[in-house]
Amino acid sequence: MGFTPLAGTRAPVRVWTDPYGIEPQAAQQLRNIGALPWVQGVAVMPDVHFGKGATVGSVIAMRQAVSPAAVGVDIGCGMSAVRTSLTAADLPDDLAPLRSAIEATIPVGFAKRNDPIDPRRVRGLEQAGWDAFWRRFGTLDRRVAQLESRAQHQLGTLGGGNHFIEVCVEQGGPEDGQVWLMLHSGSRNIGKELAERHIAVARRLPHNVGLPDRDLAVFLAGTPEMDAYRRDLWWAQEYARRNRAVMLALLCGVVRDEFPDVSYGEPISCHHNYVAEETYDGVDVLVTRKGAIRAGQGDLGIIPGSMGTGSYIARGKGNADAYCSASHGAGRRMSRGQAKRTYSTADLVRQTAGVECRKDAGVVDEIPGAYKDITKVMAEQDDLVEVVAHLKQVVCVKG
Ligand code: 5GP
Ligand code: MN
Ligand code: MN
């Protein structure tokens, strides 16, 4: 659909939705970001909404600088998915036992593992360079107590909030009825703790005094604070990627227990809170995607809708105006508090009909109605991605 430039900003801020539809608080954040001297440009995705410091659903390209708050606190949060050889007809009518089996295999919410999982013994992950990965831990800032032990105990766990695991069925197209597995998770408590510590450090740096919003504080290239941040950032992004790979492999194992002959396609994995070094118009920039995925030419990405509306597998079109990005989901239409005031459990039951999932008061804030219309979001970004598959969940395990 193309973008609309936000008026009156120093750096270009390009918006892939109706700018007048953006909540005032989020619009102010975008103007604050556009005013930062280091910013090359900003791409605002159709799922944009208010977030701490920087909006969720924003892509910020900076020269020689990075803002840790523009990455989000769950460093490396993202999605993984894989197509299975099963079709909907293979699935049993009662999906409750499958949901229970998933919940019994992957701890959700704040649960961790009493005995850390040994990923070298998880089928498919044996050769993934785990020893080298854990050795790299030695370069991390150790001021956070017992970080390594916590990282090991939380590996292969989902986390709370709207992290989720789903079994989905493809809708329409040549692969109609094909079953997919999908999950949403990040770097758990470790990435959050690292992110919050670095955000606090950045706020105190002299070059950040006088910023329109202290939470937008940046690190500058060539400083020890930037070096320390990048080390921790790299590690947390890699930990998140591995955490999802472990859980996806476990999920494949749960399904294999029931269907021994099942086979799987090539897994797809994409971060939606992270930093990458990229080049646009010959300029090297640090791109933060906070609630946005990379959508370079041909890149496969995952764009979830809500616990009742399904999701999309998308292929990037490499639109440089958007710094080769797309939305990370439908995005919230209202806060959790507002969702709880607006909807009842009866609404939740209606809006999740046909999905084997929790339907109690504890997840009303995740009701589909609290999210934007994913169909509209996809239409608004049809110049950023093309749809590869439309999926509808039949099982949803919430964090
Ligand atoms: P976030 O990373 O910002 O927490 O959320 C990512 C996106 O996932 C949300 O914007 C929303 O569109 C989508 N989403 C949230 N919960 C669910 C769910 O249970 N299932 C699916 N398929 N999508 C969800
Ligand atoms: Mn996320
Ligand atoms: Mn997350």
Side-chain angles (χ1 to χ4, degrees), residues 26 45-52 54-58 71-81 99 102 108-109 154 157-169 171 180-192 195 236-237 239-241 243-244 247 269-274 289-293 301-314 326-336 339 348 351-352 355-359 362-378 381 389-399:
M45 299 296 109
D47 61 346
V48 62
H49 61 91
F50 178 79
K52 187 179 158 66
T55 45
V56 176
S58 55
V71 180
V73 283
D74 188 359
I75 297 172
C77 190
M79 300 281 309
S80 293
R99 175 180 157 210
I102 295 170
V108 304
Q154 294 187 355
T157 68
L158 188 69
N162 60 352
H163 296 141
F164 60 83
I165 300 169
E166 288 181 342
V167 179
C168 312
V169 175
Q171 308 290 301
W180 287 70
L181 306 176
M182 137 173 327
L183 61 91
H184 172 214
S185 186
S187 52
R188 303 290 284 100
N189 186 256
I190 300 99
K192 177 169 180 286
Q237 288 183 180
Y239 178 77
R241 193 183 65 76
N243 186 35
R244 286 200 301 274
M247 285 186 282
S269 179
C270 60
H271 288 332
H272 54 226
N273 287 6
Y274 76 114
R289 293 190 176 89
K290 178 179 181 180
I293 59 171
I302 305 161
I303 305 178
S306 74
M307 67 189 293
T309 49
S311 309
Y312 290 87
I313 307 294
S327 91
H328 84 313
R332 276 202 169 266
R333 200 160 67 80
M334 61 179 77
S335 68
R336 291 179 181 280
L348 180 64
Q351 294 188 24
T352 58
V355 185
E356 172 57 47
C357 65
R358 277 178 65 188
K359 312 210 183 213
V363 289
V364 167
D365 53 353
E366 284 294 320
I367 190 167
Y371 288 95
K372 296 183 191 178
D373 176 358
I374 186 69
T375 314
K376 177 163 173 273
V377 166
M378 294 308 289
Q381 56 184 344
H390 177 202
L391 310 180
K392 175 74 179 75
Q393 66 274 76
V394 289
V395 176
C396 174
V397 173
K398 278 289 199 182

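Numbering of ligands and ligand atoms starts at 1, following listing order.
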Main-chain N/O of Gly329 paired with Ser327 side-chain donor or acceptor, under 3.5 Å: yes
Only to 10 degrees, please: what angle do the NE2 atom of His272 and the SG atom of Cys77 make about the Mn ion (ligand 2)? 100°
Which is it for Glu166 and Leu183 under the side chain to side chain contact (heavy atoms under 4.5 Å, CB included) test, yes or no, and what are the steps along the way? CA-CA 6 Å; Glu166 288 181 342; Leu183 61 91; over 6 Å; no
Set out, in order, the CA-CA distance, both residues' side-chain angles and the distance that settles side chain to side chain contact (heavy atoms under 4.5 Å, CB included) for Arg99 and Arg358, then state yes or no. CA-CA 10 Å; Arg99 175 180 157 210; Arg358 277 178 65 188; 3.3 Å; yes
Is it true that Tyr371 and Arg333 share a donor-acceptor pair across their side chains at a distance under 3.5 Å? no
At a 4.0 Å threshold, what atoms of ligand 1 neighbour a non-hydrogen atom of Cys396? 19 (O)
Indicate yes or no for a side-chain donor-acceptor contact from Ser306 to the backbone of Thr309 under 3.5 Å, with no hydrogens or angles considered. yes
Once rounded to the nearest 0.5 Å, what's the spacing between atom OG of Ser311 and atom CD1 of Ile302? 9.0 Å
For atom 16 (N) of ligand 1, find the nearest protein heavy atom and state the residue, atom name and distance (0.1 Å precision). Lys398 NZ, 2.9 Å
Ligand 1 versus Lys372, non-hydrogen atoms closer than 4.0 Å: side chain, backbone, both, neither? neither
Tell me the protein heavy atom at minimum distance from atom 10 (O) of ligand 1, and give that distance in Å. Gly331 N, 3.0 Å
Among His328, Gln381, Lys372, His272, whose side-chain hydrogen bond (donor to acceptor under 3.5 Å, both in side chains) with Asp47 holds? His328
Heavy-atom nearest neighbour in the protein, as seen from atom 20 (N) of ligand 1, with distance rounded to 0.1 Å: Glu166 OE2, 2.7 Å
When the ring planes of His390 and Tyr312 are compared, do they come out parallel, tilted or perpendicular, using 30° and 60° as the limits? parallel
Minimal non-hydrogen separation, Thr352 against Leu348, with atom names: OG1-O, 2.7 Å
Using non-hydrogen atoms of the residue, decide whether Gly291 is closer than 4.0 angstrom to ligand 1. no
Considering the heavy atoms of Glu366, write down every atom of ligand 1 situated less than 4.0 Å from one of them. 15 (C), 16 (N)
Quick note on ligand 1: atoms under 4.0 Å from a heavy atom of Ser311 include exactly 22 (N)
Without swapping roles, check the side chain of Gln393 against the backbone of Val355 for a donor-acceptor pair under 3.5 Å. no
Can a side-chain donor-acceptor contact be found between Arg244 and Ser185 if the only test is distance below 3.5 angstrom? no
Which of the atoms of ligand 1 are close to Gly329, meaning less than 4.0 Å from one of its heavy atoms? 12 (O)
Quick one, Leu158 with Met247, criterion side chain to side chain contact (heavy atoms under 4.5 Å, CB included). Give me CA distance, side-chain angles, the key distance, then yes/no. CA-CA 8 Å; Leu158 188 69; Met247 285 186 282; 4.1 Å; yes
Is there at least one pair of N or O atoms, one from Val56 and one from ligand 1, spaced under 3.5 Å apart? no
Should Asn162 be listed as contacting ligand 1, given a heavy-atom distance under 4.0 Å as the test? yes
For Met307, counting its heavy atoms only, list the atoms of ligand 1 lying under 4.0 Å from any of them. 17 (C), 18 (C), 19 (O), 20 (N)
Among all protein non-hydrogen atoms, which one is nearest to atom 8 (O) of ligand 1, and what is the separation to 0.1 Å? Pro304 CG, 3.3 Å
Has His184 got a side-chain atom pairing as donor or acceptor with Asn162's backbone, closer than 3.5 angstrom? yes
Polar-atom distance check: Ala330 versus ligand 1, any N or O pair below 3.5 Å? yes
What N/O/S atom of Asp74 is the closest to the Mn ion (ligand 3)? OD2
Output for pair (Ser187 OG, His271 NE2), nearest 0.5 Å, gives 9.0 Å
For atom 17 (C) of ligand 1, the protein heavy atom that lies nearest, with its residue and separation: Phe164 CE2, 3.3 Å
Atom 3 (O) of ligand 1: the protein heavy-atom neighbour that sits closest, reported with distance to 0.1 Å: His328 NE2, 2.6 Å
May I ask you to identify the nearest protein heavy atom to atom 12 (O) of ligand 1, giving residue, atom name and distance to one decimal place in Å? Gly305 O, 2.6 Å
If the cut-off is 2.8 Å, does any N/O/S atom of His163 fall short of it from the Mn ion (ligand 3)? yes
I'd like to know if His184 contacts ligand 1, where contact means a heavy-atom distance under 4.0 Å to any ligand atom. yes
Hey, which atoms in ligand 1 end up nearer than 4.0 Å to a heavy atom of Gln393? 20 (N), 22 (N)
As an exercise, identify every atom of ligand 1 less than 4.0 angstrom from a heavy atom of His272. 2 (O)
Could you identify the single nearest non-hydrogen protein atom to atom 9 (C) of ligand 1 and state the distance to 0.1 Å? Tyr371 CE2, 3.6 Å
